[in-house]
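What follows is a set of notes on a single structure, which appears directly below.
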Protein chains: 2
Amino acid sequence: MPRAGLDPDRVVRAAADLVDDVGHDQLTLAAVAAHFDVAVPSLYKHVGGIDDLHGRLAVLAVEELGARLAAAAGGPHAGDEPFRTLARAYRAYAVEHPGRYAATVRAPGPDDVALRAASDAVLSTVLAVLGDLGLTGDDAVDAARAVRSALHGFVTLEAAGGFGLPRDVDRSFTSLVDTLHRGLLA
Amino acid sequence: MPRAGLDPDRVVRAAADLVDDVGHDQLTLAAVAAHFDVAVPSLYKHVGGIDDLHGRLAVLAVEELGARLAAAAGGPHAGDEPFRTLARAYRAYAVEHPGRYAATVRAPGPDDVALRAASDAVLSTVLAVLGDLGLTGDDAVDAARAVRSALHGFVTLEAAGGFGLPRDVDRSFTSLVDTLHRGLLA
DNA sequence: TGACAAGGCTAAGACTATTAGCCACACTGG
DNA sequence: CCAGTGTGGCTAATAGTCTTAGCCTTGTCA
């Protein structure tokens, strides 16, 4: 009975890779266990169950997304505004990691401090970019919600194949970001 | 062994009421069967299984949503623009029927003619409203995607409890609609 | 009235998650 | 260097999910 060398982090990372492959709703303990060539109940030594695994996955994904957004907002903008750079980074993460991205949509429980902290980091990056656009206070909160709604809606519908018409999706995204940008500045 | 008087429509409507109560991802054949006081396999005489039921539920929900939007776009606007009236109707449906609304996010399969028709009806209502704003052709398609993305993102995040800050959600929604409206007109 | 299709049922199999309890490995302290 | 102990695997068992197969009654229609 050799040890497989599991720990919570390895389990969560395996789950993240799995959901990117097969879809967020297809995450099963059986698939994760198979990946490590281990029996399913063994995973319970490292995570609390499927719900706990989903929760840890959400933290991982929101942290990764936050890091990508912070890098995009802080780094060089390739001749473009921070706002557009941020939006592109958001969509890029969702396209590269559809399963992880889907995991980010999860309300933090009352005592889920890790997820709440990761979400706050994302929010503060967005608010910083909006602040450079001159938005503060309640206006900035409204704007952050608008930006997150629009970006989230777009990438979700894109992932679900909800854009039926032949019109190029990249151009529609650019149009969305421009529309938002104009609306926020006016 | 008395007949329960089931038919596909009654099964789907029961499923719709159920998901509005317990959440879209909690739809089970067991719960639907229990509602009719019937054994689970009996449902297979009326629907093809859980996947088929999800598909039929999507059609029902998109049709209902389309009817609500068409009524809002065509009816009296209470002194407001059709665009805002449409947006409010969209959110109202999602708030009143969270489970049904979640079911609407489903890419129509290649031969899913019913869902495709229902989706087209929604799209044409949106395009009609955008046409009155002077948007046509590719611009209108981009605008329709932007509008659907923003509305879908907002109501999804609202339903998921993703708006942590205390700022009033109704006001944020109004702000989102105004921002979009300004951006589309500019 | 009799035949037949439709619509219920039970039984069974393959999945899923979860808990309980066992046992060997690997590390640590004396 | 060896004993003790805790960690991390395991098997077994339970409960829930969907699904198929096949039976049998009900209700309708010729």
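Labels below follow one simple rule: chain letters A, B, ... track the order of the sequence lines, proteins then strands, and each chain is numbered from 1.
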Is the shortest side-chain N/O distance from A:H46 to OP1 or OP2 of D:dG9 below 4.0 Å?
-> yes
Separation of atom CD1 in B:I50 from atom P in C:dT16, rounded to whole Å | 17 Å
Mind calculating the distance between CG (B:L53) and C1' (D:dC18) to the nearest angstrom?
-> 12 Å
Looking at every strand, decide which applies to B:S42 at a 4.0 Å heavy-atom threshold: base, sugar-phosphate, or nothing.
-> base
Per nearest nucleotide of DNA chain D, the residue lying toward the 5' end, B:A31 or B:P41, is B:A31
Establish, yes or no, whether a centroid distance under 6.0 Å links the rings of A:H97 and A:Y101.
-> no
Which listed nucleotide (D:dC10, D:dC18, C:dC25) is nearest to the side chain of A:K45?
-> D:dC10
Side-chain contact check for B:A30: nearest option of C:dG8, D:dT17, D:dT19 is D:dT17
Rounded distance (Å) that lies between atom C1' of C:dC9 and atom CG of B:L43 | 12 Å
Stepwise salt bridge (charged side-chain N to carboxylate O under 4.0 Å, His left out) test for A:D52 and A:R56 = CA-CA 6 Å; A:D52 179 53; A:R56 289 168 184 262; 2.8 Å; yes
Whole-Å distance separating the CG atom of B:L29 from the C1' atom of C:dA14 = 16 Å
Rounded to whole angstrom units, what separation is found between the CG atom of B:L6 and the C1' atom of C:dG7?
-> 9 Å
When all nucleic acid strands are considered with a 4.0 Å heavy-atom cut-off, which category describes B:G48: base, sugar-phosphate, or nothing?
-> nothing
Around atom CG of A:D37, are there more than 12 heavy atoms of other residues, nucleotides or ligands at under 6.0 Å?
-> no
So, does the side chain of A:R3 form a donor-acceptor pair with the base of C:dA26 at under 3.5 Å?
-> no
Find which nucleotide of DNA chain C each of B:A39 and A:Y44 is nearest to by heavy atoms, and output the residue with the more 5' nucleotide.
-> B:A39
Answer with base, sugar-phosphate or nothing: what part of the nucleic acid does A:V40 contact at a heavy-atom distance below 4.0 Å?
-> base
Return yes when atom CG of A:D25 has more than 12 non-hydrogen atoms of other residues, nucleotides or ligands closer than 6.0 Å, and no otherwise.
-> yes
Report the distance from atom CG of B:D7 to atom P of D:dG27, rounded to the nearest whole Å.
-> 16 Å
How long is the line joining CG of B:D52 and C1' of D:dT20, in whole Å?
-> 16 Å
Just how far, in rounded Å, is P of D:dT19 from NE2 of B:H54?
-> 11 Å
Keeping the roles fixed (side chain from A:H35, backbone from A:A31), state whether a donor-acceptor pair exists under 3.5 Å.
-> no
